[in-house]
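Below you'll find the structure, written out as structure tokens, and then a few comments.
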Amino acid sequence: MAKRRNLPYSFNLNVDHYGFPPSVGLYLPRGHVAPADSTQQRQQVKIVESEIEEKYKAFKQFDTVGDHSDHFYLKFRTVKKPSKDWVKRIQHEWKVLGKDLPDTIFVRAYEDRMDLLRAVIVGPAGTPYHDGLFFFDVYFPSQYPCKPPQVNYRSGGLRLNPNLYACGKVCLSLLNTWTGSGCEMWNPSTSTMLQVLVSIQALVLNAKPYFNEPGHSMYANTPLGEKQSLAYNEETFLLSCRTMLYSLRNPPKHFEHFIGGHFRKYGRDILVGCKAYMGGAQVGCLAGDGVQDVDEGDKSCSQNFKCSLEILFKGLINEFTDLGVACHEFQAQIVNSGAAADTTLRL
């Protein structure tokens, strides 16, 4: 966890300060040469969109796969001659995950590397993470479950939570990577991988992540603390949008069509949310398709945030359009605002 900082807390909302690895287009990449016949072009687009949708609908919450070549813990040697107890425990973890995963968490295990796992968590509604996708790579050491699993967040170099470092470190008491006591810590007899994933979703990707920072909880429910929390949520949503773009352009293996299908399904909701925030709605107030009531007082978003979000808004429209999301109403908004000259997001 990060070191204590004294309030007041300041944030730099210049999104151009965050760089991404070289990216490539997904499904219908930039520079795609369309057939001369527009009818043939439309047919090809429909085929691609249909394939994305079909594979997304068929995507299981838990499944085993083969290729693990892009896994973060690939550099760790596989557990040689694992004990029967270790194998039995991993198989138990697979069984629990296959049966009890919530609808918003998806997991892939590896047929030839039982010590590896990959999960994606959908950002919860009512938080600055809503509708985003957050990927985690997992490694079960040979001492498991006496030692907890190791978990790395696929950050793309972005830090959008006090518990999730840009380097991928995950600070969580349940992983023994942060302080805690009693049931907060890893218990070899009762703790599970499912518990870890659910804890990340509920305790880390929450509505007010600012207060996850050490020393900030004392300012909860105070005017200054809430003001800083709103500023943190603004920056967090900007980084969440950049994470969406990063995932679309650099999809982890075995989740390519899930990512495309997810943003094809929820792309319009995300754009509606962006539009609401640029219109002044408080970040994190969205639940599903609507805007929740906010507390009394001026809680509208800052002007710097709105300007930064407008750039990301254009990038999301470009990517979602490639996936077949109906973005006409949002493209019209860009034209009407006079911002249509350059809709290329430079990462």
Side-chain angles (χ1 to χ4, degrees), residues 11 13 15 18 56 103-104 120-135 156 158 160-161 201-202 204-210 226 229-249 258-295 298-337 339 343 345 347:
F11 304 98
L13 299 181
V15 297
Y18 298 93
Y56 174 71
D103 294 339
T104 49
V120 61
I121 298 175
V122 180
T127 76
Y129 305 101
H130 65 81
D131 301 310
L133 296 178
F134 306 94
F135 287 88
L158 306 177
L160 43 59
N161 187 284
Q201 184 178 55
V204 176
L205 303 175
N206 60 43
K208 296 183 178 182
Y210 173 79
E226 293 302 315
S229 177
L230 289 175
Y232 192 94
N233 276 7
E234 290 181 359
E235 184 182 26
T236 294
F237 184 72
L238 294 176
L239 296 179
S240 181
C241 289
R242 292 179 71 83
T243 300
M244 295 178 194
L245 293 166
Y246 175 70
S247 295
L248 279 163
R249 299 173 185 181
F258 173 80
I259 293 171
H262 172 85
F263 288 117
R264 178 173 163 81
K265 181 177 180 180
Y266 296 103
R268 187 182 183 281
D269 290 346
I270 293 167
L271 295 177
V272 167
C274 290
K275 187 175 179 180
Y277 295 150
M278 288 188 290
Q282 177 183 331
V283 171
C285 69
L286 300 182
D289 217 7
V291 179
Q292 294 179 332
D293 293 333
V294 298
D295 298 334
D298 183 10
K299 297 291 184 66
S300 62
C301 295
S302 68
Q303 190 59 41
N304 285 343
F305 165 78
K306 295 175 186 177
C307 292
S308 297
L309 181 56
E310 185 175 4
I311 299 172
L312 291 164
F313 185 62
K314 299 172 192 175
L316 290 170
I317 288 175
N318 285 338
E319 294 297 328
F320 293 166
T321 298
D322 283 353
L323 293 174
V325 179
C327 298
H328 306 296
E329 60 185 292
F330 306 105
Q331 292 168 331
Q333 177 184 342
I334 291 177
V335 173
N336 293 336
S337 67
T343 59
L345 179 66
L347 301 179

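We find the SG-CG distance between C285 and L230 to be 10.5 Å, quoted to the nearest 0.5 Å. To the nearest 0.5 Å, the span separating CZ on F305 from CG on L238 amounts to 5.0 Å. Within the model, atoms SG of C327 and CG of D322 stand 9.5 Å from one another, a figure rounded to the nearest 0.5 Å. Summarising the geometry, atom CG belonging to L248 is positioned 6.0 Å from atom CG belonging to L323; distances are rounded to the nearest 0.5 Å. Here the CZ-CE distance, from F320 to M244, works out to 6.0 Å after rounding to the nearest 0.5 Å. Put simply, OG on S247 and CZ on R242 are 12.5 Å apart, with the number rounded to the nearest 0.5 Å.
Annotation: side chain of E234 is not in contact with side chain of L309 (no heavy-atom distance under 4.5 Å). The closest side-chain heavy-atom distance from P124 to H130 is not below 4.5 Å. Within the 4.5 Å cutoff, no side-chain heavy atoms of F135 are placed close to those of T243. Considering only heavy atoms from C-beta on, V122 comes within 4.5 Å of L133 through its side chain.
Remark: the backbone N or O of F237 is not paired with any side-chain donor or acceptor of Y277 at under 3.5 angstrom. Judged by distance alone, with hydrogens and angles left aside, the side-chain atoms of E310 form no donor-acceptor pair with the main-chain N or O of M278 at under 3.5 Å.
In plain terms, the two heavy atoms of V325 and G267 that are nearest each other are CG1-C, 4.3 Å. Taking every heavy atom of both residues into account, P209 and V204 meet most closely at CB-O, 4.4 Å. Looking at every heavy atom in both residues, F263 comes nearest to D131 through CE2-O, 3.8 Å. Closest heavy-atom contact between C301 and A281: SG-O, 2.8 Å. C241 and L312 get closest at one heavy-atom pair: CB-CD1, 4.1 Å. Residues T127 and L205 come closest through the heavy atom pair CG2-O, 3.9 Å.
Under the rule for a ring-ring contact (aromatic ring centres under 6.0 Å, His included), the partners of Y129 that lie at least two apart in sequence or sit in another chain are F134. Listed by chain and residue number, nothing satisfies the side-chain hydrogen bond (donor to acceptor under 3.5 Å, both in side chains) test with H262 (two or more places apart in sequence, or in another chain).
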Original post:
Between F258 and V120, does a side chain to side chain contact (heavy atoms under 4.5 Å, CB included) hold up when you go through it step by step?
Top reply: CA-CA 10 Å; F258 173 80; V120 61; 3.8 Å; yes

**OP:** Would you check, one step at a time, whether the test side chain to side chain contact (heavy atoms under 4.5 Å, CB included) holds for L316 with I270?
**Re:** CA-CA 9 Å; L316 290 170; I270 293 167; 4.3 Å; yes

